[in-house]
Every structure is written in structure tokens, then in C-alpha cells.
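Here's the structure, in C-alpha cells; my notes come after.
Note that this is a predicted model, so its numbers are computed, not measured. In what follows, chains are A, B, ... by sequence order, proteins preceding strands, each numbered from 1.
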Protein chains: 2
Amino acid sequence: MNPVSAPKPATLHDVAKAAGVSLITASRALGNPGVVSKATIEKVQAAVEATGYIPNRLAGGLKSKRSLMVGGIVPALSVAQFLPTLEALTAELATSGYQLILGQTSYDAAQEESVLDAMIGRQPDAIFMTGLVQSQKARDRLRRSGIPVVESWDLSDRPVDMLVGFSHVKVGSAVGGYFLGKRWKRIGIASGDDHRARMRRDGFQTTLGREVPTVFVPAPSSLELGRRALGELLDKEPKLQAICCSSDQLAHGVIVEALARGLRVPQDLAVCGFGNADFGAHTVPSISTVHVDGAEIGRLAARLIVARCKGEVIDQPVIDVGFRMIERQSTAI
Amino acid sequence: MNPVSAPKPATLHDVAKAAGVSLITASRALGNPGVVSKATIEKVQAAVEATGYIPNRLAGGLKSKRSLMVGGIVPALSVAQFLPTLEALTAELATSGYQLILGQTSYDAAQEESVLDAMIGRQPDAIFMTGLVQSQKARDRLRRSGIPVVESWDLSDRPVDMLVGFSHVKVGSAVGGYFLGKRWKRIGIASGDDHRARMRRDGFQTTLGREVPTVFVPAPSSLELGRRALGELLDKEPKLQAICCSSDQLAHGVIVEALARGLRVPQDLAVCGFGNADFGAHTVPSISTVHVDGAEIGRLAARLIVARCKGEVIDQPVIDVGFRMIERQSTAI
DNA sequence: CTGTTAGCGCATTCAA
DNA sequence: TTGAATGCGCTAACAG
């Protein structure tokens, strides 16, 4: 099928022969040039060009115990929330020669375990998790594997290892405090059914000092689900003044549905989102939200990983990146 | 730092000893159970449980020449267009034990080459590309590496190897034909500046039989860029009747800006997108678009890869998944 | 059905 | 600064 049947990829052996040096000298010329004479390095590099040599990292990793791979685990790739994190993580790791192996859990603890096992078998130098490790079994396995782990997008009393995140309860409190300041009485919540969204809801309700009518929607949230959620909330509470949403996608849907029903936003219904998605600043009305620097989470995680793999001591293995509320038109009343 | 310093992960050697069989028998019990007696398999599995053994796929891959890894290359993770493809690809490959290694090119040919080299060094059993391989150098390297390649999201006269995609020129023609049928005279284009969006524009203009005023925006396209694009197009052509956009994100932005300027959509301005993003069916007005089954592209690619890796003959290495126009409110006039 | 032998390609010991 | 030997953990061959 392949027209040019592969003429056997060159190995380091071929490079060494072509350069007229020993195998190990060739190896050092490429991997540890400081220890080799300049002339030899040049010979070896010429031989690399001539042979089209590409190092076999499987073999290198087997011996050196450094695979230069990092496992990255997400619930699902389609969760827009995590994309900037993954993108920054991948890019930052690439600058140090690491590549990311992707795993998806589908929000399922059993799948999380199996995907982690598959990862561990690949001997990654570290594992990055969006969110916290769910199952206790998986936590134990990770600990025993000795692989550095970075959990993210959350805080925890007992992280598996390192952590870059923020407090969802505090986010909920902050939004709750903002709502209190506006003196809205009839309030509703449209929330994803995942753990982190529930934590934000908890913080929100605690600060308001009462339970708030809530509609839960399945992940991943979307404009469509936001529209439906508003309908259901209005059924529960026809005179709603304000809605707190667990994502900007939901908030957008709530706004679209509100406008379609002839409600003015924010005059008749104020709406707040979460995540500071790219579109939120440019819709009409623009969407008030909570900004979290997802890309920064990815960059910081990458730096922790690289530092740890270099054997450096990490004096701050848990980083709280915080968040900030952004008031836009959808709540500006 | 890790509280429990790893007590040396168990190897197959440990499992064999615990099970009282030879190394290779343990290997077969796990990897090729059909050839081993039931009693032995049970003994080995018990030993696996007892030791907490996780196979080292680096070592296995080195010997067997099957790494069970597939390289996946995207311009950037944040290009929403490709997410369903990647998600389906990853999930489908996982069912056969393969995992995806991620690479990002940032739409840059040099980076494409370097990321491909990094991939090849990891000995993936196949490489999946969103789009076609850009640089000739990279094409040659891939061919010589002998690694199965699936290009996607496009068609080509001379694919590197396998291909799952569709014709962007035909998409443009189809939308052009649709516009012709509506008898709109004053038409504009808001287009991404990438190769595939340009191909669609070419097809569109060819079918219309003339050049069409165009605003190009940088990737990744967004609602914000759509709003700006409409402004620029109206500067060029104040009495625009219809706009063809290279993505639903752009179309959405164009619509938002149009409504903000007091234009009715579609009565004053008709707008068509591309990609059938999830929100397009639920905005007001809903967005006419071209549907491409991105998830199906991922699934088909995964099946091609798995089949090829099994040594099966691929009788159809190039698959055209086609597309279909979806008329919604934004052009229903 | 099971075991023995021999490497996969490279980097970490050592020694020169 | 360079080289020779050794083995990482596993599996493809062959034998029994």
C-alpha cells in the first residue's frame, strides 16, 4: 500500500558507523553534547543528516526511565472550558521536548481507572488531570506508581501530588455576594451536574443563606441546554429576576431564550455565567461572568512538571490561581 | 515529595515468579491467552492482582514494533471544528488499546515538520492529521518512515497514504448554487485565512461566476471577528444582501452585529455559516450552515488505522464523507 | 501447551 | 574525551 516500502529506518548504530565513531559517542553527541569534542559533534550531525536518523524514544525511554511523555486526562475533549489549559500545557511541554498522551474519562470513574492504567503502562514522566482524581483506587495506584501528578481546576485538602487550581466554593460565594449587593429576590440557578459546578452552587447558596431553585443539565453544557433550563426555571418560578449559570454557554442560552420570550436582559432578567468564554464579551447583551485563566493553569502545570522531572525541589506544589468577576451588560442594572 | 516512595513497580518477571511459570508464559497469558491453558491463565492473573503489575508498553513496543500509540496532529486544540473528530478518534482508538499523542502545528509548516519528527521518534503505529500534510519535506519523511498516515478534512490528488475528508471546493459550489437560487445580488464573504476556507471561497466564487467582496480574518475564527468582519464588509459594500461565512462562529458574529445595527436577519441580510456548530440550531435566528460529520471522520480514520495495523488490506484508502447544506432561519427568505 | 534463547535501540554503568 | 560491556522489560522466534 505504501509505495515506498520503508528502507529500514536508520538507527544510532548506522549514524555511528557513518560518522566513524562508536555508538555511545554518537549517542552523547546528540544527547549530551557538552561532553564531546566539537569536531565529533559535527561529524555526527552530518551523519544524522545523511542517514535521516530519528532517535527511537521508546528505546531511549526504556533505558533512561525518561519517556519524555506526559499523560493528559480530560473528561471529554469537547468540554470547551479545558481547551486553553490543554493547549497551553501541550505547547509549553513541547518546548522542553515533552509530548502529551491524551485520555478521556467521559466523567466516569471506572473509565478514569482504566485510562490511568493505560497511561501508567506508557511510563509517562508525569500525569496531568483536569479536575481531581475521582476514585480512591485510582489515587492509590497513582501514588504507588511514583509518577508525578498535577491535578487542576480545583482545590483539595489532600491532593495526590501537585495541584494548580482555585476554589469553586469561593467562586460561588463571590457571585452570591454580587447577587446580594444587587438585592435581587427571585433568583434561580442553571447548573451543570458535575462536581465542580455543584461546588459553585453550594458556595452561592451558602452566601445567599438559603436554597435557590435549580435546574441541573448534563455535561457538556450548551446554548441549547441554557434555553431549556430557562424554560424549566420559569415554570418553577415565573417571576425570576436573576439567574446564576455554571457556564457562559448556559448563560448565553438563557439570554437567547429570555429575549425570545420578550424579556429584557438585564432589566427583566439578569444573567451571570462562568468561565469567560471568548464570545461572552461580544454578545448583545454581553455576558457577566467569572474569569479563570485556563491557559495559565496549563503553563504553570507544565512548569511544575518540567521542574520536577529535572529533579528540582518544588517548594510550592499547590498553586491557587484565583479568579475574578467580570461585570458586563447582562447583570449591569 | 511523594510520601510513598515507589516500591519498584512489578515487572513481568515478578508476575511469572509469583505464578510459578516462566516469563514468556506469563507474557502469553496476558497478551495471547488463546495459546495458554486456562489454569495457567488464572494463576497468572492472580499474580498480576497480587503484584499490582502494569505492563510496560515501552518495552513491549520496542520488541514488537507495535507501540499502540497513534500520533494526532492539529493546528491548535482551540479550533472547535476538529474537536468532534479528535474526540471520536481518541475514543474509538481506545477501544482497540491505542492512545493518542497530541501535536500542535500552530498553522506553521516549520512547526509541522518538527512536531512530525517528534512524533516519528515515538514510533507511533499511525499518524492522524487534521488537514493535509503541508510541507513537501514532511510528506517525504512520512512516506519514508513507513508509518501509516491518515490525512483528513480535505481531499487531495496525491495523499501521503490514507484520507478521510470531503471537497471544500464542492462545499463552496453548493453554497454558491444556493445563493444563486435566492437571486441575491449584493453578496459578501467573511472568511478565515486558512487553506480550506480559501478553497471554499474559490468554489463559491466560481459558481457565482465572479469575484465577491471578501474580508479575511485570522484563525481561529470567533464571534468577535464576525462582528468586525461585518463592519468592514459594510464599509466596502453598504447595501449587502447576503454574506457567506467560513464558520458558524463568524456567521454568529455577523448576525449579532447586524441585529445590533438594526438590520433584520434574513430580511435585510441573509447569513450562512459552515460546520454546523452545536449552537447554530438554537440561536435567534438559527444559522443556515453546511453540515460535516466530524465525529464520523474520526471514527472512520480510527477504523482505517486499526485495520491497517492488523495487516488487513485497505481496499478504500480514500473516503469522501461528503457534506450537506442545512437551511435555517438566517437564510430562509 | 510450555520453555529457552536472543535481541528490539538506546543510555547508564564502568574503564581507558 | 572516548569506548566496551551490560541490561532496561518485553516478545518473536524457535524448540521441546
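Closest to the side chain of A:T25, from the set C:dT2, C:dG7, D:dT2, is D:dT2. Among C:dC10, D:dA12, C:dT2, the nucleotide with an atom closest to any side-chain atom of B:V35 is C:dT2. You'll find that the side chain of B:V21 is closest to C:dG3, out of C:dG9, D:dC10, C:dG3. Side-chain atoms of B:I24 lie closest to C:dT4 of the nucleotides D:dT2, D:dG9, C:dT4. Of the candidates D:dA12, D:dC10, D:dC8, the closest approach to any side-chain atom of B:N56 belongs to D:dC10.
If you check every strand for non-hydrogen atoms under 4.0 Å, A:L58 touches nothing. Nucleic acid contact for B:V36: sugar-phosphate only, since backbone atoms but no base atoms lie under 4.0 Å from a heavy atom of the residue.
If you measure from atom CZ of B:R66 to atom P of C:dG9, you get 17 Å, rounded to the nearest angstrom. A straight line from CG of A:L62 to C1' of C:dT12 spans 12 Å, rounded to a whole angstrom. Protein atom CG of A:L23 is 13 Å distant from nucleotide atom P of C:dT12, rounded to whole Å.
Residue A:S27 places no side-chain N or O under 4.0 Å from the OP1 or OP2 atom of C:dC10. Taking 4.0 angstrom as the limit, A:K65 places a side-chain polar atom (N or O) nearer than this to OP1 or OP2 of D:dG9. The phosphate of D:dT2 has OP1 or OP2 within less than 4.0 Å of a side-chain N or O from A:S37. Under 4.0 angstrom from either OP1 or OP2 of C:dC1 there lies no side-chain N or O belonging to B:T40.
Annotation: of the two residues near DNA chain C, B:S22 and B:A59, the 5′-most nearest-nucleotide partner is B:S22.
Under a 4.0 Å N-O distance rule, the pair A:R299/A:E92 does not qualify as a salt bridge. Looking at A:D161 and A:R308, a side-chain N of the basic residue comes within less than 4.0 Å of a carboxylate O on the acidic one, giving a salt bridge.
If you check distances only, the side chain of A:R28 does reach the base of D:dG3 with a donor-acceptor pair under 3.5 Å.
For the pair B:P75/B:Q104, no side-chain contact is recorded, criterion being any heavy-atom separation below 4.5 Å from C-beta on.
Tested against A:D140, the residues A:R143, A:Q136, A:K137 include a single side chain to side chain donor-acceptor pair (under 3.5 Å) partner, A:Q136.
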